[in-house]
Amino acid sequence: MTTSVVICAYADERWDDLVGAVESVRRQSAAPLEVIVAVDHNPRLFERARASLAGVKVVENREARGLSGARNSGIAATRGDVVAFLDDDAAAEPEWLARLGALYHDPHVLGVGGAIDPRWLAGRPSGFPRAFDWVVGCTYEGMPSVLSPVRNLIGANMSIRREVFERVGGFRSGIGRVGRLPVGCEETELCIRAQQKLPGGVFIYEPRARVEHSVPAGRATWGYFCRRCFAEGLSKAQVTAWTGRHDALASERSYVRRTIPAAVRRGLGDALRGDASGLIRAAALVAGLAITSSGYLTGEVRRRAGR
């Protein structure tokens, strides 16, 4: 089983991160067949990457601007049986590919993803709840702590069989991050679509396959937290339109019923024990849920209005 690694990039100022991501792939105990860097509509970055990243195939996004198009353009350039994705501001641990690849002996496994640990460049805000680490693209409280089937993988650390793309298509345009616009869910939609069209197929979460994801100071603000929550709600409304409410919101129901209430209770308990930031975390959980829900309702209204 061969694996190609795709790293998507769009911003000149993340050059050092991109170099670090590539180097982390080169240090893998299980070497990939190839490394592809897909540059999203940035000719200057494309030329720099092509001139500077030795041994890496650099391609341009030939589709609409955005992460979905860049990923699809990267996939089109690969030859491996499995395509693994790493964010340009993430660094993989040396056993990353080996742990992802070990599970593909089971033909029912459509894809495997791993844990994403945040590296807070300006320090983690004391009031930022771990149950909302998905806001910064990382593994969040409530996800499994052991090898488990999941509805969808998280884009910063995931791998998918080539056959899946051949049979169900690639990432949808019109959803997913475009530049700094904090939308997402393109991998959620793909994973749901794949399982709907390939009955019996599963996606697996392997928490030992770890990467570290940089979180810059600009994403550690409450302003970004609110924008990202609202955008997530908008994206989920679009996923619902494409895949159906049951599958699109199955994981979210459990998250809202179990993870959020438990985290709020814990935050309030911390506050009663003298940790003032516990009250901030509890308030952030409630606010984040409300903002995400408002984004979802806004998306539903816009969709029904044909906007």
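Heads up: numbering here begins at 1 and tracks the sequence.
In this structure, Arg71 and Gly155 approach most closely via the heavy-atom pair NH2-CA, 3.4 Å. Nearest heavy atoms, Ala21 versus Asp88: CB-O, 3.9 Å. Nearest heavy-atom pair across Tyr10 and Leu45 is C-CD2, 3.7 Å. Nearest heavy-atom pair, Val239 versus Cys185, reported as atom, atom and distance to 0.1 Å: CG2-CB, 3.8 Å. A pairwise comparison of heavy atoms in Arg26 and Leu53 identifies NH2-C, 4.1 Å as the closest pair. Heavy-atom minimum distance, Pro32 versus Val5: CB-CG2, 3.9 Å.
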Exercise for review: Please lay out, stage by stage, how Gln196 and Asp247 fare under the test side chain to side chain donor-acceptor pair (under 3.5 Å).
Suggested key: CA-CA 9 Å; Gln196 289 177 339; Asp247 289 340; 2.7 Å; yes
Practice item. Begin with the C-alpha distance, continue with both residues' side-chain angles, and end with the deciding distance and a verdict on salt bridge (charged side-chain N to carboxylate O under 4.0 Å, His left out) for Arg151 and Glu252. Key: CA-CA 10 Å; Arg151 180 194 64 184; Glu252 287 72 17; 2.8 Å; yes
Exercise for review: For the pair Val150 and Ile204, evaluate side-chain contact (heavy atoms from CB on, under 4.5 Å) and give the outcome as yes or no after the intermediate values.
Suggested key: CA-CA 6 Å; Val150 290; Ile204 302 294; over 6 Å; no
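Listed by first then second residue, pairs satisfying ring-ring contact (aromatic ring centres under 6.0 Å, His included) with a partner in residues 47-87 read Phe85-Phe171, not counting sequence neighbours. Sorted by first and then second residue, the ring-ring contact (aromatic ring centres under 6.0 Å, His included) pairs with a member in residues 97-127 read Trp120-Phe128; sequence neighbours excluded. Among pairs with a residue in residues 187-219, none fulfils ring-ring contact (aromatic ring centres under 6.0 Å, His included), at least two apart in sequence or across chains. Applying the salt bridge (Lys or Arg N to Asp or Glu O under 4.0 Å) test to residues at least two apart or on different chains, the pairs with a partner in residues 116-132 are Asp117-Arg210, Arg119-Glu212, Arg124-Asp133. For residues 287-299, the set of pairs meeting the salt bridge (Lys or Arg N to Asp or Glu O under 4.0 Å) definition, not counting sequence neighbours, is empty. The ring-ring contact (aromatic ring centres under 6.0 Å, His included) pairs that include a residue from residues 227-251 number zero, where partners must be two or more places apart or lie in different chains.
Within the 4.5 Å cutoff, the side chain of Glu187 has heavy atoms near those of the Met158 side chain. At least one side-chain heavy atom of Val25 sits less than 4.5 Å from a side-chain heavy atom of Leu86. Residues Tyr140 and Pro129 have side chains not in contact (no heavy-atom distance under 4.5 Å, counting atoms from C-beta outward). When side chains are defined from C-beta on, Leu234 does not count as touching Tyr296, because their heavy atoms never get closer than 4.5 Å. Looking only at side-chain heavy atoms (C-beta outward), Ile36 and Lys57 come within less than 4.5 Å of each other. Looking at Val22 and Ile7, their side chains come closer than 4.5 Å, going by heavy atoms from C-beta outward. Within the 4.5 Å cutoff, the side chain of Val6 has heavy atoms near those of the Thr78 side chain. Contact annotation: the side chain of Leu153 approaches that of Cys191 to within less than 4.5 Å [non-hydrogen atoms, C-beta and beyond].
Side-chain atoms of Ser148 never come within 3.5 Å of backbone atoms of Pro144 as a donor-acceptor pair (strictly under, hydrogens ignored). For Thr243 (side chain) and Arg193 (main-chain N/O), no donor-acceptor pair under 3.5 Å exists by modelled atom type. In terms of modelled atom types and a separation under 3.5 Å, the side chain of Asp40 and the main chain of Gly66 share a donor-acceptor contact. Judged by distance alone, with hydrogens and angles left aside, the side-chain atoms of Thr259 form no donor-acceptor pair with the main-chain N or O of Gly142 at under 3.5 Å.
Not a single salt bridge (Lys or Arg N to Asp or Glu O under 4.0 Å) links Arg48 to another residue, sequence neighbours left out. For the ring-ring contact (aromatic ring centres under 6.0 Å, His included) test, residues two or more places apart in sequence or in another chain that qualify with Trp222 are Phe225. Under the side-chain contact (heavy atoms from CB on, under 4.5 Å) criterion, Pro94 pairs with no residue, sequence neighbours left out. Remark: Glu300 engages Arg245, Arg303, Arg304 in a salt bridge (Lys or Arg N to Asp or Glu O under 4.0 Å) (not counting sequence neighbours). By the salt bridge (Lys or Arg N to Asp or Glu O under 4.0 Å) test, Arg27 is found to be paired with no residue, residues two or more places apart in sequence or in another chain being considered.
Here CG of Leu33 is found 8.5 Å from OG1 of Thr3. Values are rounded to the nearest 0.5 Å. The structure places OG of Ser126 at 11.5 Å from CG of Asp270, a figure rounded to the nearest 0.5 Å. To the nearest 0.5 Å, atoms CZ (Arg162) and OG (Ser4) are separated by 6.0 Å. Separation of atoms CD1 (Ile160) and CG (Leu110) is listed at 9.0 Å; rounding is to 0.5 Å. Note that OG of Ser173 and CG of Leu67 are 12.5 Å apart. Values are rounded to the nearest 0.5 Å.
Inspection of the Ser29 and Glu95 side chains reveals an N or O donor paired with an N or O acceptor under 3.5 Å. A donor atom on one side chain and an acceptor atom on the other are found under 3.5 Å apart for Arg281 and Ser277.
Ionic pairing of Glu186 and Arg172 is not present here: no N-O contact between side-chain nitrogen and carboxylate oxygen is shorter than 4.0 angstrom. With salt bridges taken as basic N to acidic carboxylate O contacts below 4.0 Å, none links Asp81 and Arg161. Ion pairing of Arg79 with Glu34 is present here, as a side-chain N (NZ or NE/NH1/NH2) and a carboxylate O approach within less than 4.0 Å. One finds no salt bridge joining Asp17 and Arg14 here, because no Lys/Arg side-chain nitrogen approaches an Asp/Glu carboxylate oxygen to under 4.0 Å.
Hydrophobic clustering, with ILVMFWY side chains joined whenever heavy atoms are under 4.5 angstrom apart, groups Val256 together with Met143. Residues Leu297 and Ile291 are members of separate hydrophobic clusters, defined by side-chain heavy-atom contacts under 4.5 angstrom among Ile, Leu, Val, Met, Phe, Trp and Tyr. Residue Leu121 is not grouped with residue Val211 when hydrophobic side chains (ILVMFWY) are merged at heavy-atom distances under 4.5 angstrom, including chains of intermediate members. Both Phe132 and Leu268 sit in one connected hydrophobic cluster of ILVMFWY residues. Membership requires side-chain heavy atoms under 4.5 Å apart, directly or through other members. Cluster membership for Trp134 and Leu249, using ILVMFWY side-chain heavy atoms within less than 4.5 angstrom, is not shared.
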Under 3.5 Å, sequence neighbours excluded: what are the donor-acceptor pairs made by side chains of residues 96-103?
from: Trp96; atom 1: NE1; to: Asn157; atom 2: OD1; distance (Å): 2.6
from: Arg99; atom 1: NE; to: Arg208; atom 2: O; distance (Å): 3.4

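The environment of CZ in Arg253 is crowded: more than 12 heavy-atom neighbours from other residues, nucleotides or ligands sit within 6.0 Å.
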